[in-house]
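Chain letters run A, B, ... following the sequence lines, proteins first and then strands; every chain starts at 1. As the structure is a computational prediction, the values presented were derived from the model and not from experiment.
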Amino acid sequence: MADRKKVKKIIIDANYLAQLSNLKLSANEKSRLEQDLNNTLDFVKNIQQFEFNQTNTVDSLVQNKMFADGKKTL
Amino acid sequence: MTDILGLGLLELKKLIEEKKISYKEVFDYFIARIKKHNPKLNAYITVCDKQNEDKLPIAVKDNFCTKGIRTTAASKVLDNFVPNYNAEVIDRLLANNFSILGKTNMDAWAHGSSTETSDYGPTKNPWNLDHIPGGSSGGSGAVVSAYLAPAAIGSETAGSIRQPAGWCGVIGFKPTYGRISRFGLIAMASSFDCPGPMTLNVQDAAYLLGVLSGQDKKDATTVEKPPELYFEKLAEGKKLVIGIPEEYFDNIQKETAQNFEKSKQVFNKLGFKFKKIKLISPEYAISVYTIIQRAEVASNLSRFDGIRFGNTRDRFGFEAKKRIMLGNFVLSAGYYSAFYQQAQKLRQEIKADFARVFSEVDLILAPVVPSTALKLGEFEKYPFFGELIDKFNEPAAIAGLPAVSFPTGFDNKKLPTSLQLIGNYLDELRLLQTLYKFQQETNYFDVIKLGVEKWK
């Protein structure tokens with residue numbers, strides 16, 4: 001099996017994100033949110049280690065009738 | 001008056017047509033039950049206790065806009081919001097002789113799997129008031145289980161119909177994405193959200209699916225293909241091949257696994273065949289769902305600025321703030337390609353994985369949740385509890401596939417266990433037909449019947 005890719009550790013800044021999101025945070029919320037968001041990020045970064053199946057092109061998806069209305073269009 | 005405790009929608013409809021009971025008597029009956037039991041369950045946010053019409057009452061989750069009736073999405077941001085239009089689901093119910101009995105409690109903005117994030121207090125599980133009913137359609141699950149409504153409409157992004165149905169011991173049907181219009185449904189994640197029925201039996205689910213399904217010009221994501229005759233063809237159907245995904249049965253509660261074996265024997269006896277299948281691990285589905293859903297939430301909740309309607313954003317709860325912030329993070333420069341774009345690519349991979357499997361099997365049988373209903377307050381331990389508890393529901397939701405959860409028995413604490421059948425795109429009819437055969441053979445091991453009797 002290929003070596004799993006190393007994923008860089010990212011630390012979220014709650015103040016910056018709150019500003020970006022047009023939200024106000026209390027001091028208590030800020031520390032709880034930073035902890036929760038960073039824990040979540042630690043988990044979801046596993047998608048960067050997924051080994052994609054190179055044969056799943058758009059053509060193969062269409063051939064497998066991936067589209068609910070049966071039409072071979074995106 | 002005829003005793004109607006535990007009768008489903010269609011059974012009540014039949015009694016009314018036979019003039020054994022009137023619409024008013026049915027309505028008054030449920031209002032009396034709500035007044036008696038809702039204080040303990042907190043399953044309704046708004047009860048519509050004035051009715052002059054000859055219509056059958058049904059409960060609706062409080063994220064469907066109802067003209068003239070307060071619609072809060074269980075958030076104080078919309079505490080006084082009264083829509084001036086109906087969701088398409090509501091219009092179709094009204095056109096088919098239903099009336100709105102009340103708006104059920106839910107996780108605020110549908111953000112959760114416990115109904116504990118509601119700004120109007122948590123709903124309790126009718127099977128044990130120390131336990132949660134699941135979510136986010138927990139109020140809808142509870143009202144059906146305790147017979148405070150003959151049926152309810154919920155919505156699902158990833159598990160929000162199936163999981164509370166499983167924990168409350170009722171039927172929960174999530175249709176194919178686009179089968180039922182989302183117009184007027186307060187958006188959570190627009191590429192996932194699906195309205196769907198929660199009922200006491202599969203006939204009612206089939207009937208409601210027929211009422212609600214169909215293309216809607218006001219929702220461009222609805223499918224053109226007309227709905228099938230779900231109710232009329234319920235008793236038909238062939239014996240199918242059912243896939244069992246090995247990855248979904250790791251680390252599940254002992255009784256859930258035991259009741260799965262018991263249910264599998266029933267399907268075998270009914271002539272269904274089983275085949276082991278391999279699917280991409282649900283662990284990846286958790287990540288894909290978490291990322292894409294948060295991104296869509298951040299976009300959808302940006303409209304709640306307190307300018308044109310509703311209250312200001314400082315009324316958002318902790319969970320909503322967390323989701324909005326993570327959503328904006330995964331969409332922001334420098335992180336978009338590592339998270340959002342990668343999640344979208346993996347989403348296509350998961351869809352292709354299901355397409356491959358559905359070339360080998362007709363349906364998939366899987367657990368709904370790893371365990372029976374948890375106690376109130378347990379979700380506080382986990383930063384994204386909902387996603388972990390819904391890991392068996394996220395893959396089908398990511399792919400937009402239909403699925404139905406149904407009760408299979410109890411654990412040693414007398415809490416319901418459940419299973420789900422997952423179908424291919426627009427294969428709602430075969431799901432319903434298969435479940436109908438199971439229902440006729442087992443009556444869900446009396447779970448639904450005992451649940452209603454508990455709240456006599």
Does the distance from a Lys or Arg side-chain N to an Asp or Glu carboxylate O, for Glu387(B) and Arg323(B), drop under 4.0 Å? yes

Measure up the Phe354(B) and Phe358(B) rings against each other and bin them: parallel (under 30°), tilted (30 to 60°), perpendicular (over 60°). parallel

Residue, of Leu25(A), Asn22(A), Leu20(A), that accumulates the most heavy atom pairs under 4.5 Å with chain B: Asn22(A)

Do you know which of Asp314(B), Ile291(B), Thr312(B) has the most heavy-atom pairs with chain A at a distance under 4.5 angstrom? Ile291(B)

Can you tell me which residue pairs pass the salt bridge (Lys or Arg N to Asp or Glu O under 4.0 Å) test with a partner in residues 278-291 of chain B, sequence neighbours excluded? Glu247(B)-Lys278(B), Glu283(B)-Lys391(B)

With sequence neighbours left out, the residues meeting ring pair (Phe, Tyr, Trp, His ring centres under 6.0 Å) with Phe316(B) are Trp109(B)

Among Arg179(B), Lys345(B), Arg313(B), which residue forms the greatest number of heavy-atom pairs with chain A at distances under 4.5 Å? Arg313(B)

Where on Ala298(B) is there a heavy atom nearer than 4.5 Å to chain A: the side chain, the backbone, both, or neither? neither

Under 6.0 Å from the CG atom of Asn251(B), do we count more than 12 heavy atoms belonging to anything else shown? no

In terms of heavy-atom pairs under 4.5 Å, which option from Glu29(A), Lys24(A), Arg32(A) contacts chain B the most? Arg32(A)

Return the option, out of Leu326(B), Val330(B), Ile280(B), with the maximum number of heavy-atom pairs under 4.5 Å with chain A. Leu326(B)

